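A short worksheet on the structure shown next.
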Amino acid sequence: MYKTIGVLAHVDAGKTTLSEQILYHARAIRAPGRVDHQDTLLDYRPAERRRGITIFGAQASFTLGGTDYYLVDTPGHVDFAAEMERALCVLDVAVVVVSCVEGVQAHTETICQMLAERGIPTFFF
């Protein structure tokens, strides 16, 4: 049995950073990568590293407390919203990241509407 967790937010809210920290603390990776260092596990494609944004959904797995989890890091830039929306069909739960600096953005509200329409349980971080 496994659970799929999706991490969603507007661009530059910290989705990939949070995802890397979850994987690190679950001992799925030895060290968390940093977007600004271009060394994250999840943003591994050259275009993503060069631009410093997630373009394609990426997944990683970890086990915690005897349960297997799949973590899906989704794009936050509105230009890649279709890629984020495709990931929704596999999610058991969503984590919506809200930047403390920018706060709730229009795209954040769109994401919340999509999650509510699909009945996906959602946590805010």
Side-chain angles (χ1 to χ4, degrees):
M1 175 106 184
Y2 65 88
K3 297 289 182 187
T4 303
I5 304 167
V7 182
L8 307 101
H10 63 83
V11 69
D12 292 333
K15 295 174 306 305
T16 302
T17 300
L18 175 63
S19 297
E20 293 276 327
Q21 287 294 323
I22 290 169
L23 294 171
Y24 172 70
H25 287 285
R27 296 196 164 107
I29 56 176
R30 291 182 187 203
R34 289 183 43 163
V35 173
D36 58 335
H37 290 177
Q38 300 178 340
D39 64 356
T40 63
L41 171 74
L42 297 165
D43 284 348
Y44 62 89
R45 294 171 183 91
E48 292 175 315
R49 292 194 172 182
R50 185 174 57 255
R51 293 176 71 175
I53 62 171
T54 302
I55 297 172
F56 303 100
Q59 65 279 339
S61 62
F62 63 94
T63 301
L64 193 62
T67 302
D68 294 325
Y69 295 92
Y70 289 99
L71 183 71
V72 181
D73 181 33
T74 65
H77 197 285
V78 71
D79 289 349
F80 307 111
E83 179 75 10
M84 179 272 303
E85 192 170 356
R86 278 191 288 274
L88 298 181
C89 65
V90 299
L91 301 185
D92 294 306
V93 65
V95 176
V96 175
V97 179
V98 179
S99 168
C100 291
V101 175
E102 289 92 15
V104 174
Q105 300 289 302
H107 191 57
T108 311
E109 293 179 11
T110 301
I111 291 168
C112 291
Q113 289 172 355
M114 285 190 246
L115 293 167
E117 288 170 2
R118 290 163 177 80
I120 298 171
T122 304
F123 294 92
F124 292 87
F125 180 85

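Source: prediction; values computed, not measured.
No continuous path of hydrophobic side-chain contacts links Leu91 to Leu18 [ILVMFWY only; heavy atoms under 4.5 Å]. Residues Val72 and Val11 fall into different hydrophobic clusters, defined by Ile, Leu, Val, Met, Phe, Trp and Tyr side chains chained together at heavy-atom separations under 4.5 Å. Follow the hydrophobic side-chain contacts under 4.5 Å out from Phe62 and you reach Leu42 in the same cluster. Taken together through direct or relayed side-chain contacts under 4.5 Å among Ile, Leu, Val, Met, Phe, Trp and Tyr, Leu23 and Val93 form part of one hydrophobic cluster.
To the nearest 0.5 Å, atoms CD1 (Ile22) and CG (Asp73) are separated by 9.5 Å. Distance check, rounded to the nearest 0.5 Å: NE2 of His10 to CD of Gln105 gives 4.5 Å. In this structure, the separation between CG on Leu8 and OG1 on Thr108 is 10.5 Å, given to the nearest 0.5 Å. Atoms CG and CD1, on Leu115 and Ile120 in that order, are 5.0 Å from each other to the nearest 0.5 Å. Residue Gln21 holds its CD atom at 12.0 Å from OG1 of Thr16, rounded to the nearest 0.5 Å.
Side-chain contact between Glu109 and Val104: present, with at least one pair of heavy atoms (C-beta onward) separated by less than 4.5 Å. Using a 4.5 Å heavy-atom threshold, the side chains of Val7 and Phe125 count as separate. Looking at heavy atoms from C-beta onward, Met114 lies in side-chain contact with Met84 at the 4.5 angstrom threshold. Using a 4.5 Å cut-off on side-chain heavy atoms (C-beta onward), His77 and Glu83 make no contact.
No salt bridge links Lys15 with Glu20; every basic N to acidic carboxylate O contact stays at or beyond 4.0 Å.
When each of Ile5, Val97, Leu71, Thr74 is paired with Ser19, the side chain to side chain contact (heavy atoms under 4.5 Å, CB included) condition holds for Leu71 and for no other.
By the 6.0 Å contact criterion, CZ on Arg51 is open, its count of non-hydrogen atoms from other residues, nucleotides or ligands being 12 or less. Atom OH of Tyr24 sits in a sparse spot, with 12 or fewer heavy atoms from other residues, nucleotides or ligands closer than 6.0 Å.
Taking both residues in full, the closest heavy atoms of Ser61 and Ala28 are given as O-CB, 3.7 Å, listed atom of the first, atom of the second, then distance. The two residues Gly57 and Pro75 make their nearest non-hydrogen contact at N-CD, 4.0 Å.
Judged by distance alone, the side chain of Thr67 and the main-chain N or O of Thr63 form no donor-acceptor pair under 3.5 Å.
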Practice task
Would you please test Tyr69 and Tyr2 for ring pair (Phe, Tyr, Trp, His ring centres under 6.0 Å) and show each step?
Solution key: CA-CA 5 Å; Tyr69 295 92; Tyr2 65 88; 9.7 Å; no
